[in-house]
Asker: 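Take a look at this one; I'll ask things after.
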Amino acid sequence: MNILKRLTTNYLKKNKKRTLVTIIGIILSGAMITAVATLAVSFQGFLLDVEISQDGAWEAIFKDVDTNDIEKIENDNRFSKTMLMTPVGMAKNTYSDDQFLYIKAYDKNALENMKIRLIEGSLPQNENEIVLSRSFFDGKENEPKIGDTITLDIGKRMSEGHELISEKPEENETFIHEKTLNYVVCGKIEKPDFESSRDAYTSRSYIIRRKKQKIF
């Protein structure tokens, strides 16, 4: 081993330029490998941030979950955080040009992690408050202001036995009235990127836990 060391040392000393070039090459190679790895990690982080900003900070979704199973999911160690969302129903809209509003109920975690971008006012704090998309406010005479109470007839839009949730009205559709709800308009939001129609949002987490209804 000592002989090999002496031979290597003598070779390096006699070929200083080559040795210097080799050392520089090793340093540059290491720097390039590190830079590529750092770029890949940064790009991955960028794509993750874009996805979160568009679709919200969630990784898995469970649909049609009964309220009896909510606690089991929340206590599962595989999940660090849970969010509750449920459709309230379609509402007849007499406050702006669109005929209907599709209303969903979000709990506090969902409002925070689904990237609901507030423009004005505040997010809902209870089941009686609602925030509406910017596009809802189109300058109609009876358009509500933040702090006003609105009354909405909630129900389902049906056509040939199928429930409709799209913004575009269809021929021969009927509206089945189920209930009437009053909401205080507490804020205005940007239309979420993950929504394809004009929607409204309200926080109703404890109602979800109390009643026998499905969540998704």
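By convention here, the first residue in the shown sequence is residue 1. Because only heavy atoms are used, hydrogens play no part in the values below, and waters and symmetry mates are left out as well, while side chains stay in.
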Asker: Indicate the atoms forming the closest heavy-atom contact of Ala91 with Ile103, along with that distance.
Answerer: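 Closest approach of Ala91 to Ile103, heavy atoms only: CB-CD1, 3.8 Å.
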Asker: Got a donor-acceptor contact below 3.5 angstrom from the Asp107 side chain to the Leu84 backbone?
Answerer: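 Judged by distance alone, yes, a pair lies under 3.5 Å.
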Asker: Please report the shortest heavy-atom distance between Phe136 and Asn93, naming the atom on each side.
Answerer: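 Nearest pair, atom of Phe136 first, then Asn93: CE1-OD1, 3.6 Å.
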Asker: To the nearest 0.5 Å, how far apart are CZ in Phe100 and CG in Asp153?
Answerer: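 Between atom CZ of Phe100 and atom CG of Asp153 there are 10.5 Å.
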Asker: Flag the pair Tyr106 / Leu123 as yes when at least one side-chain heavy-atom distance between them is below 4.5 Å, and no otherwise.
Answerer: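 Side chain of Tyr106 against side chain of Leu123, heavy atoms only: no contact under 4.5 Å found.
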Asker: Is there a side-chain contact (heavy atoms from CB on, under 4.5 Å) between Thr174 and Met158 once you walk through the steps?
Answerer: CA-CA 5 Å; Thr174 57; Met158 304 297 295; 3.9 Å; yes
Asker: Cation-pi between Lys188 and Phe137: NZ/CZ under 6.0 Å from ring centre and within 45° of the ring axis?
Answerer: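 That pair qualifies as a cation-pi contact.
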Asker: Measuring only between side-chain heavy atoms, which start at C-beta, is Leu132 closer than 4.5 Å to Leu101?
Answerer: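 Yes, at least one pair of side-chain atoms sits under 4.5 Å.
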Asker: Check for a donor-acceptor pair, side chain of Asn75 on one end and backbone N or O of Lys72 on the other, with a separation under 3.5 Å.
Answerer: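 Judged by distance alone, no pair lies under 3.5 Å.
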Asker: Identify the heavy atoms of Met85 and Ala110 that sit nearest to each other, and give their distance.
Answerer: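 Heavy atoms of Met85 and Ala110 come nearest at CG-CB, 3.8 Å.
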Asker: Using a 3.5 Å distance criterion without hydrogens, assess whether the side chain of Tyr95 forms a donor-acceptor pair with backbone atoms of Thr151.
Answerer: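 Here the side-chain-to-backbone pair exists.
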Asker: Can any side-chain N or O of Asn113 pair as donor or acceptor with the backbone N or O of Asn109 at less than 3.5 Å?
Answerer: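 Answer holds: yes.
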Asker: How long is the span from the CD1 atom in Ile130 to the SG atom in Cys186, to the nearest 0.5 Å?
Answerer: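 Answer rounded to 0.5 Å: 8.5 Å.
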Asker: Can you confirm whether Leu152 sits close enough to Lys92 that some side-chain heavy atom of one is under 4.5 Å from a side-chain heavy atom of the other?
Answerer: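 They are not in side-chain contact.
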Asker: Give a yes or no on whether the backbone of Leu118 and the side-chain of Glu120 come within a donor-acceptor separation of less than 3.5 Å.
Answerer: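 Here the side-chain-to-backbone pair does not exist.
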Asker: Would you say Thr149 and Tyr183 make side-chain contact, with heavy atoms under 4.5 Å?
Answerer: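 Sidechains of Tyr183 and Thr149: no contact.
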Asker: If you compare all heavy atoms of Ser122 against all heavy atoms of Val131, which two are closest, and at what distance to 0.1 Å?
Answerer: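 Closest approach of Ser122 to Val131: O-CG1, 3.3 Å.
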Asker: Taking side chain as C-beta onward, heavy atoms only, is Leu181 less than 4.5 Å from Lys179?
Answerer: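 Of all side-chain heavy-atom pairs linking Lys179 with Leu181, at least one is under 4.5 Å.
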Asker: Indicate yes or no for a side-chain donor-acceptor contact from Asp148 to the backbone of Val185 under 3.5 Å, with no hydrogens or angles considered.
Answerer: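 Not confirmed, Asp148 side chain does not pair with Val185 backbone.
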Asker: Establish whether Ile61 and Met114 are linked, either directly or via other cluster members, by ILVMFWY side-chain heavy-atom contacts under 4.5 Å.
Answerer: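 Yes.
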Asker: Check whether Val36 and Ile27 end up in the same hydrophobic cluster, where Ile, Leu, Val, Met, Phe, Trp and Tyr are linked by side-chain heavy atoms less than 4.5 Å apart.
Answerer: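 As far as the 4.5 Å side-chain criterion goes, Ile27 and Val36 are not connected within one cluster.
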Asker: Report yes if the side chains of Glu190 and Ile119 come closer than 4.5 Å at any heavy-atom pair, otherwise no.
Answerer: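 They are in contact (side-chain heavy atoms under 4.5 Å apart), so the answer is yes.
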Asker: How long is the gap from CG on Leu111 to CE on Met83, to the nearest 0.5 Å?
Answerer: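 Rounded to the nearest 0.5 Å, the CG-CE separation comes out at 10.5 Å.
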Asker: Do Val65 and Ile73 come close enough that some side-chain heavy atom pair is under 4.5 Å?
Answerer: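 Touching, per the 4.5 Å side-chain cut-off.
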Asker: Is there a side-chain contact between Lys156 and Glu163, using heavy atoms and a 4.5 Å cut-off?
Answerer: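 Touching, per the 4.5 Å side-chain cut-off.
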Asker: Do other residues, nucleotides or ligands put more than 12 heavy atoms under 6.0 Å from Asn172 CG?
Answerer: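 No - once you tally the heavy atoms of other residues, nucleotides and ligands closer than 6.0 Å, there are 12 at most.
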Asker: Check the orientation of Phe62 and Phe79. Use parallel for under 30°, tilted for 30 to 60°, and perpendicular for over 60°.
Answerer: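 Rings of Phe62 and Phe79: perpendicular, as their planes differ by over 60°.
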Asker: Taking atom CG of Leu28 and atom CD1 of Ile33, what is their separation to the nearest 0.5 Å?
Answerer: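 Going from the CG atom of Leu28 to the CD1 atom of Ile33 covers 11.0 Å.
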